[in-house]
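Input: a single structure, listed below in structure tokens.
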Amino acid sequence: MRVTIWVTEHEFSQRIASSLKLGFKDDGIVATPIHFSDESIHATDVHIGYGILRGMDAVYRRIETANKHWFNIDLGYFGAGHFDGQYRIAYKSTQNKYDPAIQSDTCPEISPWKTGGEFALICPPTESAAGFFNVDETQWLNDAQAHAKQLGLTAKIRRKGDPENLDDAFASAGAVITFNSSVGWKALQLGIPTFSDVTHSTLGSWHGDVNTIDGLKQLSRESLFRFMCANQLSLLDIQQGKLLPILKRFIPQA
């Protein structure tokens, strides 16, 4: 499989690109999005890069327009951390859609379901996520607050970078509503009922149209978390070529 690896000037992108290059050996072609061209996009049918910032959002859009396959790498669902932690790999988005047929042998510890709580913690999309997915934040917030009311909870908005300790916020939360923030699966792991965007988040694609706390508690968090673990790797795993089987799940003919 010949792959174009996109790399920006950021250290994270460069370190990840180096690991990808080792994993793909001679099949990896390094490109720089600042100087991207149609020639570099058409060099291969498969493209991969880190994050959606520093020009990567524009690169992905051009690749999509060219009808090519692309993958996004970002911090992992569980055990995340630069550069000794896990990184998630998603096809044509920042998170994969849940597939119960894909399950890892490992699963993080899961707390019992929480009962009670004073409010629904609402985490709007970041500016970059809203721009990338073309989300109207005002409308999203209105819908999230209406959902909180349906759940019988008061809405409490928490944006990325909020100074309040997240564990303190979780302590009083009866539910969490996010766009596709990592706060969502952290809360769900702690037993807090959590709802996310059905189209653009792994968690949301798992619960689908279920929008009640009782309905959510009927679903298998273990299956979701095993799926998430099956779609993440360490940099060492990537260097050893273990990314290829994940890519081939989505493009088996490659």
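- No donor-acceptor pair closer than 3.5 Å links the side chain of Arg88 to the backbone N or O of Gln95.
- Looking at every heavy atom in both residues, Lys92 comes nearest to Lys68 through CE-O, 3.5 Å.
- The distance from atom CZ of Phe24 to atom CG of Leu247, rounded to the nearest 0.5 Å, is 5.0 Å.
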What's the verdict on side-chain contact (heavy atoms from CB on, under 4.5 Å) for Glu164 and Lys156, showing C-alpha distance, side-chain angles and the deciding distance? CA-CA 12 Å; Glu164 181 186 18; Lys156 178 179 179 179; 3.1 Å; yes

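- Listed for the Asn96 side chain is a donor-acceptor partner under 3.5 Å among the backbone atoms of Tyr91.
- Here the side chain of His207 pairs a donor or acceptor atom with the backbone of Ser196 at under 3.5 angstrom.
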Working note: Arg249 + Ile246, criterion side-chain contact (heavy atoms from CB on, under 4.5 Å); need CA distance, chi angles, decisive distance, verdict. CA-CA 5 Å; Arg249 288 180 193 155; Ile246 293 179; 4.1 Å; yes

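- Closest approach of Ser201 to Asp197, counting heavy atoms only: OG-O, 2.6 Å.
- Expressed to the nearest 0.5 Å, how far NZ of Lys242 lies from CD1 of Ile89 amounts to 12.5 Å.
- When every heavy atom of Leu75 is checked against every heavy atom of Ala80, the shortest pair comes out as CB-CB, 4.0 Å.
- Here the side chain of Lys21 pairs a donor or acceptor atom with the backbone of Gly28 at under 3.5 angstrom.
- Put simply, Ile157 and Ile177 are part of the same group of oily side chains (I, L, V, M, F, W, Y) that touch within less than 4.5 Å, one to the next.
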Step by step, work out the side-chain contact (heavy atoms from CB on, under 4.5 Å) result for Val7 and Gln14. CA-CA 6 Å; Val7 55; Gln14 292 174 0; 3.7 Å; yes

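- In this structure a side-chain-to-backbone donor-acceptor pair under 3.5 Å is present from Asn72 to Gly51.
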Yes or no on side-chain contact (heavy atoms from CB on, under 4.5 Å) for Met1 and Ile251, after CA distance, side-chain angles and deciding distance? CA-CA 10 Å; Met1 178 187 292; Ile251 42 175; 4.0 Å; yes

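- In this structure, Gln103 contributes its side chain and Ser223 its backbone to a donor-acceptor pair below 3.5 Å.
- For the pair Phe71/Val3, no side-chain contact is recorded, criterion being any heavy-atom separation below 4.5 Å from C-beta on.
- Between the side chain of Glu137 and the main chain of Pro124, no donor-acceptor pair closer than 3.5 Å is present.
- Relative ring orientation between Tyr50 and His82 is described as perpendicular, the plane-to-plane angle rising above 60° on a 0-90° scale split at 30° and 60°.
- Here Thr194 contributes atom OG1 and Leu203 contributes atom CG; the two are 6.0 Å apart, rounded to the nearest 0.5 Å.
- Leu20 and Leu22 fall into different hydrophobic clusters, where Ile, Leu, Val, Met, Phe, Trp and Tyr residues are linked whenever their side-chain heavy atoms come under 4.5 Å apart, directly or through other members.
- For the side chain to side chain contact (heavy atoms under 4.5 Å, CB included) with Thr202, the lone residue among Asp99, Asn180, Leu224 that qualifies is Leu224.
- Closest approach of Trp6 to Ser13, counting heavy atoms only: O-OG, 4.1 Å.
- Nearest heavy atoms, Trp185 versus Gly76: CZ2-O, 4.4 Å.
- Note that CG of Leu121 and CD1 of Ile192 are 8.0 Å apart. Values are rounded to the nearest 0.5 Å.
- Between Glu9 and Ile34 the shortest heavy-atom distance is OE1-CD1, 3.9 Å.
- Connection of Met228 to Leu219 is established within a shared hydrophobic cluster, with ILVMFWY side chains joined at heavy-atom distances below 4.5 Å, either directly or through further cluster members.
- Of the possible donor and acceptor atoms, one in the side chain of Thr126 sits under 3.5 Å from a partner among the backbone N and O of Ala129.
- Side-chain N or O atoms of Lys114 include one that pairs as donor or acceptor with a backbone N or O of Ala171 at under 3.5 Å.
- Classification of the Tyr60-Trp70 ring pair by plane angle, with boundaries at 30° and 60°, yields parallel.
- His69 has its ring centre no less than 6.0 Å from the ring centre of Phe250.
- For Thr44 (side chain) and Thr4 (main-chain N/O), a donor-acceptor pair under 3.5 Å exists by modelled atom type.
- Side-chain atoms of Asp143 and Gln139 form a donor-acceptor pair, as typed in the model, at a separation below 3.5 Å.
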